[in-house]
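Here's the structure we're looking at; comments come further down.
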Amino acid sequence: MKITSMTNHSAIYPSLKGKRVLITGGATGIGAGLVEAFAGQGAHVGFLDIDAPAGETLAASLPGAHFRACDLRDLDATAAVLAELAEAIGGVDVLVNNAARDDRHTIEDVTPAYWDERMATNLRHQFFAAQAVVPAMKAQGHGVILNFGSISWHLGLPDLVLYQTAKAAVEGMTRAMARDLGADNIRVNTIVPGNVETPRQKQWYTPEGEAEIMAAQCLKARIQPADVAALAMFLASDDGAMCTGHDYFIDAGWR
Ligand SMILES: NC(=O)c1ccc[n+]([C@@H]2O[C@H](COP(=O)([O-])OP(=O)(O)OC[C@H]3O[C@@H](n4cnc5c(N)ncnc54)[C@H](O)[C@@H]3O)[C@@H](O)[C@H]2O)c1
């Protein structure tokens with residue numbers, strides 16, 4: 001039997017219908033899969049991305065999805081855009097901190113300025129986006145925050161030391177936030193993807209590299225953005241009501 005990724009996920013979560021969902025980095029890759037999946041659940045989706053053409057194209061294909069261009073390294077702009085998007089969709093029930101950028105570098109090449117830029121791209125905005133939505137979530141008595149981590153630091157992959165440093169911190173931040181926000185019925189979890197077949201990831205992989213991933217995974221199929229979105233749908237829905245403070249892997253058993 002040929003094993004394939006489940007790209008036709010069929011679960012519909014009644015609790016997600018009408019939910020107001022903000023997603024960062026939603027224009028391409030896994031983020032675009034999240035935007036499509038939440039829209040497919042009947043949620044009201046607001047998403048931002050630095051890639052304006054891709055974001056506008058996706059929003060045009062999904063009636064009711066709102067897009068704003070934004071560079072998450074600029075925290076003032078991020079706060080303003082999140083507020084605009086929340087107003088457009090009528091509030092916020094779910095925040096998905098998805099955006100990141102896994103640029104390669106050697107230890108020798110890292111300068112203090114590059115360190116700051118990598119942390120601003122891969123860690124800092126997750127905290128401040130959460131800080132921006134927490135007052136509204138506390139006031140309404142519920143909320144879900146999904147932070148994106150990465151399997152990379154669990155495996156110790158090469159040439160990604162700053163990205164892996166940031167992604168390790170995301171898991172610690174999630175635990176701390178879940179503790180501080182649990183009494184307000186705000187759940188915080190990390191989604192930890194393995195190697196997901198996105199347009200950006202495809203550029204790194206030769207046929208030999210693809211074969212290496214397949215050999216390292218327990219399951220012999222490439223993970224698709226829809227597979228990651230399927231986990232996010234569960235965690236964002238009321239079916240995940242007692243899940244908080246943890247790291248949920250979607251990695252096809254990559255070791
Ligand atoms: N694809 C994988 O194999 C994989 C593996 C592990 C973890 N992840 C994590 O999953 C999440 C999504 O990954 P992906 O593979 O879809 O990445 P991607 O690079 O394909 O997409 C990321 C999106 O974020 C946007 N973005 C990047 N920097 C931004 C900025 N400064 N401001 C606003 N938007 C910005 C990009 O334009 C892009 O649309 C990330 O957090 C990533 O670290 C992915």
Side-chain angles (χ1 to χ4, degrees), residues 22-35 47-52 54-55 68-79 81-82 95-133 145-178 188-204 223 225 228-229 231-232 235 246-251 254:
L22 295 178
I23 301 171
T24 68
T28 65
I30 294 170
L34 293 165
V35 168
F47 68 105
L48 64 82
D49 203 289
I50 199 170
D51 186 341
R68 297 282 184 284
C70 178
D71 183 344
L72 289 156
R73 292 170 296 185
D74 179 341
L75 293 179
D76 290 338
T78 300
V81 164
L82 287 172
L95 167 68
V96 187
N97 277 321
N98 163 76
R101 196 176 160 91
D102 60 348
D103 288 343
R104 270 62 176 167
H105 50 265
T106 64
I107 288 177
E108 291 76 8
D109 286 343
V110 174
T111 61
Y114 190 58
W115 167 282
D116 288 345
E117 193 278 332
R118 289 293 79 197
M119 294 304 143
T121 299
N122 291 311
L123 173 62
R124 189 176 67 169
H125 62 84
Q126 291 204 14
F127 176 85
F128 286 99
Q131 188 191 57
V133 301
I145 299 172
L146 298 176
N147 297 325
F148 267 74
S150 170
I151 198 172
S152 54
W153 71 272
H154 293 273
L155 299 174
L157 298 181
D159 301 329
L160 279 170
V161 64
L162 297 190
Y163 175 79
Q164 292 179 95
T165 301
K167 290 299 190 177
V170 167
E171 292 189 26
M173 184 179 73
T174 292
R175 286 187 188 210
M177 281 187 175
V188 190
N189 288 297
T190 307
I191 290 179
V192 185
N195 197 300
V196 183
E197 193 172 38
T198 60
R200 180 171 160 80
Q201 292 303 316
K202 275 189 194 166
Q203 72 184 342
W204 314 122
I223 306 167
V228 183
L231 175 58
L235 289 172
H246 281 290
D247 318 314
Y248 292 87
F249 285 70
I250 165 86
D251 66 354
W254 193 13

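As the structure is a computational prediction, the values presented were derived from the model and not from experiment.
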Any pair counted as salt bridge (charged side-chain N to carboxylate O under 4.0 Å, His left out), so long as it reaches residues 158-178, sequence neighbours left out: Arg175-Asp247

Contact check, side chains of Ile223 and Ile250, non-hydrogen atoms, under 4.5 Å: yes

Worked verdict on Leu82 versus Leu22 for side-chain contact (heavy atoms from CB on, under 4.5 Å): CA-CA 8 Å; Leu82 287 172; Leu22 295 178; 4.1 Å; yes

Gap separating the CZ atom of Arg124 from the CE atom of Met173, nearest 0.5 angstrom: 12.5 Å

Spatial distance of atom OH (Tyr248) from atom CG (Asn189) [nearest 0.5 Å]: 5.0 Å

Heavy-atom side-chain contact between Thr78 and Phe128 under 4.5 Å: no

CD1 on Ile191 to CG on Asn97, rounded to 0.5 Å: 11.0 Å

Closest heavy-atom pair and its distance - Pro225, Val196: N-CG1, 3.7 Å

Heavy-atom side-chain proximity of Trp115 to Thr165 below 4.5 angstrom: yes

Note, Leu72 side chain near Thr121 side chain (heavy atom, < 4.5 Å): no

Residue pair Arg101 / Arg118, side-chain heavy-atom distance below 4.5 Å: yes

Where Met119 and Ala166 come nearest, the two heavy atoms and their spacing: SD-CB, 3.9 Å

Asn147 CG to Leu123 CG distance, which is reported to the nearest 0.5 Å: 9.5 Å

Backbone N/O of Leu162 and side chain of His105: donor-acceptor pair under 3.5 Å: yes

Spatial distance of atom OG1 (Thr174) from atom CD1 (Ile145) [nearest 0.5 Å]: 9.0 Å

Heavy-atom pair of closest approach, residues Glu117 and Arg73: OE2-NH1, 2.8 Å

Minimal non-hydrogen separation, Leu231 against Phe249, with atom names: CD2-O, 4.3 Å

Flag, side chain of Asn98 to backbone of Thr24, donor-acceptor distance under 3.5 Å: yes

Those residues that, when tested against Asp102, pass salt bridge (Lys or Arg N to Asp or Glu O under 4.0 Å) (two or more places apart): Arg104, Arg200

Minimum heavy-atom distance Ala27-Asp51, with the two atoms named: CB-O, 3.8 Å

Side-chain (Thr190) to main-chain (Phe148) donor-acceptor, under 3.5 angstrom: no

Interatomic spacing from CD in Glu108 to OG1 in Thr111 - rounded to 0.5 Å: 13.0 Å

Minimum heavy-atom distance Phe47-Gly26, with the two atoms named: CD1-C, 3.6 Å

